[in-house]
Structure formats: C-alpha cells, structure tokens
Asker: 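One structure follows; several queries about it will come next.
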Amino acid sequence: MMGKVTLRNLAAHKIRLVLTAVAVILGVAFVAGTLIFTDSMNKQFDDLFSRVGKNIAVDVRAKKVVGGDDGQSAQPVPASVLKALRGVDGVKDPQGNVNGYAAVVGRDGKIVGAGGQGPPQIGSNWNTDGSFDLKAGRAPRGPGEVIIDAGTAKKGRFSVGDTVGVVSSGAPQRMRIVGLIDTGNLMGASVTAFDTPTAQRLMLKPGYFSDIEMGSTGPSETQLRDRVAKVLPNGVEAVTGTKMRDENKSDVAQIMGFFRTFLLVFALISIFVGAFIIFNTFSMLVAQRTRELALLRAIGAARPQVTRAVIGEAVAVGFVGSTLGLAAGAGLAALLQAQMGDAGSGGLTFTATPVIWSYVVGIVVTVVSAYFPARRAAKVPPVAAMRDDVALPQRTLRIRVALGSLLTLAGAGLIAAGLAGNGGNPAVPVGAGAFAVFIGVAMLAPVISVPVVKVLGWPFARLMGAPGRLARQNALRNPRRTAATAAALMIGLALITTVNVLGATMRASVDEQVNSQFGADYLVQATGGDITADAAQRLKTVPGVESVSPTYEGTAKIAGQRGTYMSGDVAVIAKAARLKLVSGGTSIGADGLMVNESTAKDKGWHVGSTVPALFPDGRTEQLRVAGIFAKSDLIGSRIVAQQVYLRHTVRPSMDAVLVNAVKADAPTRKAIESALHAYPNLKVADQSSLKKDARKQVDGFVTFLSILLAMSVIIAAVGVVNTLALSVIERTREIGLLRAIGISRRQLRRMIRVESIVIAVFGAVLGMGIGVAFGAALQNALKSQGLSVLAVPYGTLGVYLVVAAVIGVLAALWPAWRAGRMDVLKAISTD
C-alpha cells in the first residue's frame, strides 16, 4: 500500500519534484562529465603511447643525476655510444633520437599552431622506428629539407614542395617540405622532422643524441638491457622499453589525476549546494502534507512505513536526476573536449565508472538530504489529522546555535593551523576547516537572518508600502527556510569571492614586485626554443641600446637539495633585479654563488662558506658563497657564476636577455622589436607589458575558476525558485485572503519578487563576507610565497551583489506569475 502512496505522491507533486531533480541533475552532470572527460583523455594517451615507441626493447639515456631532470637539464648521449651498441649481441636497428623545439612559420610571419602555453611544437630527427608514418612524399635528406605533420600543413595551407620558414634555434631557416607525417591524434602537438645532422645542429649539438633506442633480435628486454649496460660509459644508463613507456604514462597519469581531482572538487561543491536545496524541498513538502501523513498514521500506517514512503520519493527523484545528469555529463565532457581543440579530437570513451558513480552520488545525496524530513514526517501523531491548524513541531534553535558556533570556531582553528604551515599537507586542514565553517555558518544562518533581513527589507517596506512590508515579514516568518535557501547561494558566492580576492591580490602583488624588483628597461624571452647568440648580437646593434646581458637557468643539487638557479653577468642581474645585498658583493668570480637571506639562514651559510654542488653532467664542484641578498621573487634563491653554468652544460641555452637603453621610450622598443622581427619565437617586454601579461594569466585563471563555481550559483538559483514555488503553494489560502481584501495581482507579484530579492541578497552578503575573510587569511599565509599585497575587488563584489538581486528577480518570475493567476474563491477554500 505504501508503495502505491509513494507513486501517487510523485504523480501529484510532479512540478515540485522536477525542481528538486534539477539540483541533482546539475550536480551529477559535473561528476559524470569530469569522469567521462578524463577517461576519454586517458584512452587517447594510452592509444598514443601504444604507437609511439611500441617496437623499442631498450632505451639508452643519460642518468638522471640531479633528481627530476627534464629534457632541458639532462645531458645528451655521445654519438660514440651508438657505434658501441651496434656490436652488442641481440641489438636490432639501434637509432639515435634528437628531440627539441622546432616550429613552422606561417605566411603571416607567425608560428603555425598554438605556441606558448598550448600544445607543444616538437622537433626531431626522422627515424624509421614505426612511431609515425609518411602520409605523402619522402624522408628528408639534407640541411634544406623538412617534413611536417599533416595537421600543421593544413593549418598553414602548405603542401609537399612548398618552401617554409622553420624556427628552432636562431632565425628561421628556409626549408623545402619533402613529406607529410601522419601523427594520428597527437593531442594537438605539431611535429617537424629533419635528417639527423640537421636536427643535431638545430636542437642539440653535432655528435650527440637525446637518447638511443633499439629493438631486440631475440633476447628479452631485461637480458638485452643487461648486455647493453656493459658497454655504456659513466653517466649513461639503459632501461627497458616497458619501463620507458610506463614512465611516460605515469607522468601523464599524474597530470590527468590532478586535473580529475581539480574538477571533482567543483563537482562536490555543486552537490554540496544541491543537498541544501533537496533538504529544503523535502522539508517543505513534508510540512505541506502534515495532515495527509497524519491521516496515514490514523488508518494504521506505522512510523517506519511513513519514513519509507518519503525516502521512496527521494530514491525516485535521485534515480531520475542521476539518469538525466549522466546524459548531461556526456554533453559536458564533449564540450570540454571541444574547448581543447585538436587535443580533444579523439571522441568520448564510456566506461562503467562514471555510470556507477553518477547513480551512487545522485541517489545517496538525495536520500541523505531527505532522511531528516522523512523522520520528522513519521513523528506526526495520528490525532493531528483531526485539527485544522496542524503543523510540524519545530525544534528550538539553541542546540543548532551551539553546534554551529562550535563548528565555526573549530573550522577557523583548522584553517589557522593549516595556514601556519606546521608541517604536513596544509590543504587537508584548510579544506576540512573551510567545510566546517560553511556548515557552521549555515547552521547559524537562521539566527543571523533575522537582523540582516530586517535591514535588507527596510528600504522595500518604506518605498513599496504593503507589498514591501509583507515581503519582509514573509522572509522573516520562517528563518530556517530563509536560511536554508540563502545558504546554498552563500556557499557559491563565498568561494567565488575568495577566488576573486586572491586574483586581485595576485595582480596587486605582481605589480608591486615588478615596480620594486625589475630595474631593466626591457626583457627578451622565448615563447619556445632558445634565445641564441646571434639574436643577442642583433640587440647590441640597435641604436639607443646601452647594454645587452643574457641570463641562463640551470638545475643542480646544491648541498644535497635540488633546485634551479640563475646565471649570467651577476652585476647586471643584481642591478636589473634591484637586489638588496645583505652581505658580500656581486663579484663572485668563476666559482661563486649568491643565495638569498632565508636560504643562508636555514643552511648556516655566510660569505666565504664552501658549498658542494652536483650538476646534471654528473660532476661535483665546490662553490664559494660570495654574496647574500634579501628576498627576491623575480630572481629566486640562487645565482651561480656564469663560468660554472657553462662548464657543466653541453648546449648553453639563454633563458632571457636583459636590455638597458639610453632612453626607454616607444621608438627604442619598436627598434628592438624590428631587430628581432626575424625571430617569431622571441618576445620583448617592459615593465608595463610584464604586468599586463601577468594580469592576463591571473584573469584567465580567475575566470576559469569562476565559471566552474558558477554551477553552484545556478543550483542555488534553482533553490530559490523551488522555495518560492513551494512557499506560494503553502500560502495558497493566505494569498486568496490577500486578494479578497483588495491586494492587486501586480502588488502580489511585487511582494513575491521582493521576498526573493531579500533572500538572494542575504545569501550574497553572507557569502561575500566569508569569501573576503577567507581571501585575507590565505593572503596572510602566503606572504612568503609572493602575495605581499592584499587587494579586495570592491567593484567586482558590487557587481556580484547586483547579480544576486537579479537572480532573485528571475527566480521569482514563475512563482509570482503562478500566484497572480490563482482563483480567489478556490484559494480561500483551500485547507
């Protein structure tokens, strides 16, 4: 019988339950979309790695002496090793690889394809290892020939036989396209390949390889690896092809794992917000059906049966919401892939994981949110069916206030402990603390709402007369309901506000750092590849240029700690970075080292201390501390003598070039840019453009996070619609009486709109207050990481407040329209 009651209730309250299902759909869509998207990307990477290097049994490479060496810091393998490998029994077709940066210059003088932070521009020598197939033409055979991937050829409108500019190191060289490569789906990357001598000259150094790969004529990978290892010189190692492929997959898996976790955090936030709405909806539904539930008790239904009936409705809503959310998630995953351009062209992959988690999340969240209203429904006494003024009993707020205060204080304590950085991962206590604060403030919201709503509603009561006063009283009538509705909006806006405060703080901090620490007139950097000596030489010939000083970046283990360092003309670097010397000087000689004050203090170093440094070439050198400088965000913690860097680097690579001019003005900058016109991978920046570029990156990051968090605000807006719609149904008789005593339809709709605006603005004020507090706390904790200036974007927050009011107006449209269309006599006669 109770099953029939559940089905009839679902059929009788379709509109109410559809609004509840929307919250489930949106939350589940985010979870399903994230899982489908990352599964699809992982499948693309698996397919890629199954093709690239599939015939490699053993790979020979430089040992990673300095932990975490990347392609730039690791040393190349001498070509003499390739000759030795040809004499090893079991080795099949050993081939040396040359890998680096190379890009095709389009007809407009710009690099074809996405550069900078986009998909990589891969340069290599052409090998016949089966990784890629020639789609057209032939292999390159000389210094003036190149083959490119078919995707790049299509973007640049090139074909076999065309002459193009190719940039790697130095100015672009004119080369003839002799072939096109079929790379399949290479995640949007471009591939440019040359013959081996040309590739070595452009990207490495003649007589060296990035690594050497080989197949096997019969021995297992392990056996062949051991045989190969016996003929290798010091500093070179052999690994099996399986290990090499697993390492590549592991690197990608780490990136995709982080990305999945990142997106799932926002999905969980959306679900958390949706839980408030579901709880609110079922609470109101149960309250409206109190007499009906009492009649069920009176005719013999037991408490557990009533509870199960309400839970059954929640299961049905969760199931439908999860099903539609899963479908919406597939659409979201497709949208994410479309935003990645060529990198997301592999299609969607569907596994059981997103399906299972979609139903688990959707149904569990709905049932848990509906559990407490279901328990309250079961406690309705049968005798209540005989009364006209029956209502669910309301608990006192004392316990709620006490528990909310305790959670808020405990959460604040956890956040403070995490930000103090007393060891461990600070994200755990900060995340737990933020969650506790949100729950605590949500529990305190009914108490907070009374004075705040009185203040927010006062202007409407004064300006709009009766509709304004009634709207204010309606919002105050049930503080629990008002608080639960506003809490959903509070969470979304609190997080968005935190992100915007951090974004404004980052922008202000970068501006302050550039103003105080960047003393050069211009900075030349490469968006890809290297800055070569001929480019630096061209800068010296520009009229008005006073000095040109290249800087380098290297990696070393200094006193056992791996890290990067800057190198170059130390005196020029110190002047350009406006370094404040604490002790010593900038004349560091051929074996000198400068460190910042905090590093010297932690290590117990002083001017004259000798420090061991292990470099990627496997050699150790004793460096002398010649100077100690104050904290510099632009320089980092170490500067090493240029001679040291050059002694341990096979192919020196300029990280940037510092340029000072007689007069830093627009004509001088234009002259510098003209001198570098032949180098499309080089970019000239001054103070203003450095700040502009940094702001652009911060703005992009803030916008990306805000868009993700906007899902929670959309769900909260649905909650406001839900609450108002159910509130209108609940107050049907009251609305009829108001119409009977003379209130017009326009006034009635205005009353509901004002009530919605007050609730939405209350949630926004509460959320933005919490967000500013969180942002200030994070800035204070991250001062040592460069966030030195706290900035609150008051203009943006003002816009958010207006947006909250607009959300209130839009959310009230349908409930207000429905209230205005009620039949007066039927409304008055409603029980």
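Each residue takes its place number in the sequence, starting with 1.
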Asker: Between Asp59 and Met244 (side chain of the first, backbone of the second, donor and acceptor by atom type, cut-off under 3.5 Å), is there such a pair?
Answerer: no
Asker: Under a 3.5 Å threshold, yes or no: a donor from one side chain and an acceptor from the other, between Ser689 and Asp686?
Answerer: yes
Asker: Hey, could you give me the OG1/CE distance between Thr796 and Met768, rounded to the nearest 0.5 Å?
Answerer: 11.0 Å
Asker: For Thr610 and Arg624, indicate whether the former's side chain and the latter's backbone hold a donor-acceptor pair under 3.5 Å.
Answerer: no
Asker: State whether the side chain of Asp149 and the backbone N or O of Val191 hold a donor-acceptor pair below 3.5 Å, judged by distance alone.
Answerer: yes
Asker: Take Asp699 and Arg507, measure what side chain to side chain contact (heavy atoms under 4.5 Å, CB included) needs, and give me the verdict at the end.
Answerer: CA-CA 9 Å; Asp699 289 344; Arg507 287 190 290 269; 2.5 Å; yes
Asker: To the nearest 0.5 Å, tell me how far Ile111 CD1 sits from Gln121 CD.
Answerer: 6.5 Å
Asker: Check whether any side-chain N or O of Glu553 sits under 3.5 Å from a backbone N or O of Asp655 as a donor-acceptor pair, and report yes or no.
Answerer: no
Asker: Once you round to the nearest 0.5 Å, how far does CG of Leu204 lie from CG of Asn97?
Answerer: 11.0 Å
Asker: Given 3.5 Å as the limit, does a donor-acceptor pair link the side chain of Thr668 with the main chain of Lys663, or not?
Answerer: yes
Asker: Tell me whether Arg174 contacts the main-chain N or O of Thr163 through its side chain, where contact means a donor paired with an acceptor under 3.5 Å.
Answerer: yes
Asker: With a 4.0 Å cut-off, would you call Glu247 and Arg61 a salt bridge?
Answerer: yes
Asker: To the nearest 0.5 Å, how far apart are CZ in Phe194 and CE in Met175?
Answerer: 5.0 Å
Asker: Check the angle between the aromatic planes of His648 and Phe615 and answer parallel, tilted or perpendicular using the 30° and 60° thresholds.
Answerer: parallel
Asker: Within the side chain of Arg619, is there an N or O that forms a donor-acceptor pair under 3.5 Å with the backbone of Arg647?
Answerer: yes
Asker: Measure across Leu690 and Leu523 and return the closest heavy-atom pair with its distance rounded to 0.1 Å.
Answerer: CD2-CD2, 4.1 Å
Asker: Rounded to the nearest 0.5 Å, how far does CD1 of Ile635 lie from OH of Tyr565?
Answerer: 14.5 Å
Asker: Only one of Leu676, Val105, Thr527 forms a side chain to side chain contact (heavy atoms under 4.5 Å, CB included) with Asn681, so which one is it?
Answerer: Thr527
Asker: Partners of Arg201 by salt bridge (Lys or Arg N to Asp or Glu O under 4.0 Å), sequence neighbours excluded?
Answerer: none
Asker: Taking the side chain as every heavy atom from C-beta outward, state whether Val545 and Leu539 have any atom pair closer than 4.5 Å.
Answerer: no
Asker: Short question: side chain of Thr551, backbone of Ala656 - any donor-acceptor pair under 3.5 Å?
Answerer: yes
Asker: Does Lys631 have more than 12 heavy atoms from other residues, nucleotides or ligands lying within 6.0 Å of its NZ?
Answerer: yes
Asker: Looking only at non-hydrogen atoms, find the nearest pair between Gln779 and Leu502 and report the distance.
Answerer: N-CD2, 4.5 Å
Asker: Would you confirm whether Ser509, through its side chain, and Val789, through its main-chain N or O, come within 3.5 Å as a donor-acceptor pair?
Answerer: yes
Asker: For Leu790 and Val501, run side chain to side chain contact (heavy atoms under 4.5 Å, CB included): C-alpha distance rounded to whole Å, both residues' side-chain angles, the deciding distance at 0.1 Å, then the answer.
Answerer: CA-CA 8 Å; Leu790 174 64; Val501 170; 4.2 Å; yes
Asker: Any sub-3.5 Å donor-acceptor pair from Gln517's side-chain atoms to Asp633's backbone N or O?
Answerer: yes
Asker: Among all residues two or more places apart in sequence or in another chain, which pass the salt bridge (Lys or Arg N to Asp or Glu O under 4.0 Å) test with Glu673?
Answerer: Arg669
